[in-house]
Peer 1: 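My questions will all concern the structure given below.
The structure presented is a predicted model; accordingly, all values stated were derived computationally and were not measured.
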Amino acid sequence: MLLNNKLIYEKGYLVEIGKPTENLYYFFDYDERSYDINMEFQHFHNFYEIHVLLDDNANHIIEGNLYRIEFLDFVCLKPYCLHKSEYPKGPPKKRLIIQFNIPVQSGLLQDNVGDLLSIFEAPLPIYRFEQNNQDLIIHTLNEIFIASKSESAVRTLSIHCKFIDLLCTIYNHRNENIYQAETLNTTASKIYTIASYIHNHFNEELSLNTLAQKFFLSKYYLSHLFKEVTGFSITDYIQMTRIRNAQQLLLFTNKKITDIAAQCGFTSFSQFNRVFNKFCKT
């Protein structure tokens with residue numbers, strides 16, 4: 001079917017090339033998501049991800065910050081970035097998730113790929129374009145979709161080349177990005193400001209008392225609203241943020257567990273162990 005009379009979309013269609021642990025990995029997921037299956041808490045992974053909304057509106061939370069997204073907004077997430085999508089109540093929302101790793105190059109190509117991936121390093125890595133640039137992006141997405149249906153011996157190479165072309169289009173037009181984060185003077189926006197503060201200061205002393213004082217709110221009011229908006233108590237949210245960051249360091253560094261525990265704001269190894277078992281037990 002065609003969305004917006006231009007974009008090819010097939011509900012439930014998957015394309016998978018390689019595995020997340022391999023140098024070359026692609027996963028394209030055309031599907032719908034609804035409010036009742038929103039992720040519980042922000043997560044991260046060791047590959048790149050692009051979330052493309054193919055519907056009218058949804059939210060994305062990146063490191064505790066809430067962003068409104070619309071049709072064909074590209075949310076570009078670098079590895080190990082804490083994030084989650086959030087869909088409003090009502091009919092399911094169509095979206096395309098692209099997860100990928102691309103091989104490390106050498107020489108001139110290495111520099112080019114580094115430049116290309118810089119779109120994921122922007123302070124606000126969400127891209128929205130005017131219609132002419134949207135049409136270029138839709139054309140390339142359709143080429144990828146058509147190539148994925150091919151039985152050609154060079155199908156994988158074709159998808160890879162067209163995806164690189166997609167990244168090049170976003171990179172070449174990055175200065176024409178018209179996305180602007182909304183300034184929302186709502187209760188929810190205040191809570192997400194506090195959540196963002198937690199994500200940026202998780203290694204410091206944090207508690208309901210300190211946050212209430214910093215944001216000039218009563219402890220009861222903050223506790224009630226934080227639970228209502230995020231679904232978590234302040235204490236659990238702080239602990240989960242610390243544990244997610246500790247997981248990243250455990251997986252991708254050679255640091256000692258005791259050093260990681262201290263670096264992530266835990267006052268002792270026994271506290272780290274207790275919280276880790278609480279949130280990470282299988």
Peer 1: Test your reading of the model: is there a side-chain donor-acceptor pair from Gln263 to the backbone of Asn203, 3.5 Å cut-off?
Peer 2: no

Peer 1: I'd like to check Asp29 versus Arg95 (side-chain heavy atoms, cut-off strictly below 4.5 Å). Are they in contact?
Peer 2: yes

Peer 1: Can you find a heavy atom in the side chain of Val52 that is under 4.5 Å from one in the side chain of Ile137?
Peer 2: no

Peer 1: What residue pairs, at least two apart or across chains, pass salt bridge (Lys or Arg N to Asp or Glu O under 4.0 Å) with a residue in residues 235-255?
Peer 2: Asp236-Lys278

Peer 1: If we count only N and O atoms by modelled type, under 3.5 Å, do the side chains of Thr235 and Ser233 hold a donor and an acceptor together?
Peer 2: no

Peer 1: Please report the C-alpha distance between Tyr237 and His199 in whole Å, then the side-chain angles of each, then the deciding distance to 0.1 Å, and finally whether the side chain to side chain contact (heavy atoms under 4.5 Å, CB included) criterion is met.
Peer 2: CA-CA 10 Å; Tyr237 197 91; His199 282 274; 2.9 Å; yes

Peer 1: Taking the ring of Phe100 and the ring of Phe120, is the distance between their centroids below 6.0 Å?
Peer 2: yes

Peer 1: For residues Asn46 and Asn101, report the shortest heavy-atom separation together with the two atoms involved.
Peer 2: O-OD1, 3.8 Å

Peer 1: Got a sec, which residues hit salt bridge (Lys or Arg N to Asp or Glu O under 4.0 Å) with Glu32, two or more places apart in sequence or on another chain?
Peer 2: Lys11, Lys94

Peer 1: Quick one: which of Tyr26, Tyr48, Phe145 gives a ring pair (Phe, Tyr, Trp, His ring centres under 6.0 Å) with Phe163?
Peer 2: Tyr26

Peer 1: Heavy atoms only: give me the nearest Ala58-Pro88 pair and the separation to one decimal.
Peer 2: CA-CD, 4.0 Å

Peer 1: Give the other cluster members for Leu14, using side-chain heavy-atom distances under 4.5 Å between Ile, Leu, Val, Met, Phe, Trp and Tyr residues; answer none if it is isolated.
Peer 2: Tyr25, Phe27, Phe47

Peer 1: Would you give the length of the straight line joining atom CD of Glu10 to atom OG of Ser148, rounded to the nearest 0.5 angstrom?
Peer 2: 8.5 Å

Peer 1: Does the pair Ile238 and Leu211 meet the rule for a side chain to side chain contact (heavy atoms under 4.5 Å, CB included), with working shown?
Peer 2: CA-CA 11 Å; Ile238 292 169; Leu211 292 170; 4.2 Å; yes

Peer 1: Would you call Lys78 and Leu117 a side-chain contact if the rule is heavy atoms closer than 4.5 Å?
Peer 2: no

Peer 1: Supply the atom-to-atom distance Arg155 CZ to Ile17 CD1, rounded to the nearest 0.5 angstrom.
Peer 2: 5.0 Å

Peer 1: Find out whether Tyr35 and Lys89 are in side-chain contact, i.e. whether some heavy atom of one side chain is under 4.5 Å from a heavy atom of the other.
Peer 2: yes

Peer 1: Examine distances only and state if a side-chain atom of Asn65 and a backbone atom of Ser196 form a donor-acceptor pair shorter than 3.5 Å.
Peer 2: no

Peer 1: If I take atom OH from residue Tyr171 and atom OH from residue Tyr127, how far apart are they, to the nearest 0.5 angstrom?
Peer 2: 10.0 Å

Peer 1: Look at the side chain of Ser118 and the backbone N and O of Asp115, then say whether any donor-acceptor pair between them is shorter than 3.5 Å.
Peer 2: yes

Peer 1: Are any non-hydrogen side-chain atoms of Asp55 and Arg33 less than 4.5 angstrom apart?
Peer 2: no

Peer 1: As an exercise, state the distance from CG of Asp31 to OH of Tyr9, rounded to the nearest 0.5 Å.
Peer 2: 5.5 Å

Peer 1: Consider only side-chain heavy atoms of I, L, V, M, F, W and Y, link residues closer than 4.5 Å, and tell whether Leu141 and Ile146 are in one cluster.
Peer 2: yes

Peer 1: For Phe44 and Leu82, work out which heavy atoms get closest and say how close.
Peer 2: CD2-CD2, 4.0 Å

Peer 1: Any salt bridge (Lys or Arg N to Asp or Glu O under 4.0 Å) involving residues 193-209? Give me the pairs, sequence neighbours left out, ordered by first then second residue.
Peer 2: none

Peer 1: Identify which one of Glu70, Gln180, Glu176 satisfies the side chain to side chain contact (heavy atoms under 4.5 Å, CB included) criterion when paired with Arg128.
Peer 2: Glu70

Peer 1: Between Gln213 and Asn209, do the side chains contain an N or O donor and an N or O acceptor separated by less than 3.5 Å?
Peer 2: no

Peer 1: Kindly indicate, with the supporting measurements, whether the criterion side chain to side chain contact (heavy atoms under 4.5 Å, CB included) is fulfilled by His173 and Thr169.
Peer 2: CA-CA 6 Å; His173 295 281; Thr169 300; 4.0 Å; yes

Peer 1: Decide yes or no on side chain to side chain contact (heavy atoms under 4.5 Å, CB included) for Ile144 and Asp165, but give the supporting numbers first.
Peer 2: CA-CA 10 Å; Ile144 293 171; Asp165 189 36; over 6 Å; no

Peer 1: Taking side chain as C-beta onward, heavy atoms only, is Phe28 less than 4.5 Å from Ile159?
Peer 2: yes

Peer 1: Would you say that more than 12 heavy atoms from the other residues, nucleotides or ligands in this model lie under 6.0 Å from the CD of Gln110, or not?
Peer 2: yes

Peer 1: So, for Gln271 and Ser268, which heavy atoms are closest and what is the spacing to 0.1 Å?
Peer 2: N-OG, 3.1 Å

Peer 1: Would you compute the distance between atom OG of Ser85 and atom CG of Leu53 and round it to the nearest 0.5 angstrom?
Peer 2: 9.5 Å

Peer 1: Inspect the surroundings of CG in Leu124 and state if more than 12 heavy atoms from other residues, nucleotides or ligands are less than 6.0 Å away.
Peer 2: yes

Peer 1: What's the shortest heavy-atom distance between Phe74 and Ile170, and which atoms?
Peer 2: CD2-CD1, 3.6 Å

Peer 1: Passes side-chain hydrogen bond (donor to acceptor under 3.5 Å, both in side chains), Gln99 versus His45? Steps please.
Peer 2: CA-CA 10 Å; Gln99 299 172 346; His45 31 65; 4.8 Å; no

Peer 1: Using a cut-off of 6.0 Å, state whether more than 12 heavy atoms not belonging to Lys149 lie near its atom NZ.
Peer 2: yes

Peer 1: Would you call the rings of Tyr197 and Phe215 parallel, tilted or perpendicular if under 30° counts as parallel and over 60° as perpendicular?
Peer 2: perpendicular

Peer 1: Return yes when atom NE2 of His139 has more than 12 non-hydrogen atoms of other residues, nucleotides or ligands closer than 6.0 Å, and no otherwise.
Peer 2: no

Peer 1: Going hydrophobic residue to hydrophobic residue with side-chain gaps under 4.5 angstrom, can you get from Ile234 over to Phe202?
Peer 2: no

Peer 1: Under 4.5 Å between side-chain heavy atoms, counting indirect links through other Ile/Leu/Val/Met/Phe/Trp/Tyr residues: same cluster for Leu136 and Ile138 or not?
Peer 2: no

Peer 1: Please name the pair of heavy atoms, one in Leu249 and one in Cys264, separated by the smallest distance, quoted to 0.1 Å.
Peer 2: CD1-SG, 3.8 Å

Peer 1: Atom OH of Tyr87 and atom NZ of Lys93: how far apart are they, to the nearest 0.5 Å?
Peer 2: 10.5 Å

Peer 1: Are the side chains of Ile257 and Phe272 in touch, meaning some heavy atoms are under 4.5 Å apart?
Peer 2: yes

Peer 1: Angle between ring planes, His83 versus His60, binned at 30° and 60°: parallel, tilted or perpendicular?
Peer 2: parallel

Peer 1: In the single-linkage hydrophobic clustering (I, L, V, M, F, W, Y; side-chain heavy atoms under 4.5 Å), do Leu77 and Ile97 co-cluster?
Peer 2: no

Peer 1: Taking C-beta and beyond as the side chain, do Leu116 and Cys168 meet within less than 4.5 Å on heavy atoms?
Peer 2: yes

Peer 1: With sequence neighbours excluded, tell me which residues meet salt bridge (Lys or Arg N to Asp or Glu O under 4.0 Å) with Asp111.
Peer 2: none

Peer 1: Treat each ILVMFWY residue as a node, draw an edge where side-chain heavy atoms are under 4.5 Å apart, and state whether Phe279 and Phe269 are in one component.
Peer 2: yes

Peer 1: For Asp259, enumerate each residue passing the salt bridge (Lys or Arg N to Asp or Glu O under 4.0 Å) test, keeping only those at least two apart in sequence or located in another chain.
Peer 2: none

Peer 1: Between Ser223 and Lys219, is there a donor-acceptor pair closer than 3.5 Å when you use the side chain of the first and the backbone of the second?
Peer 2: no

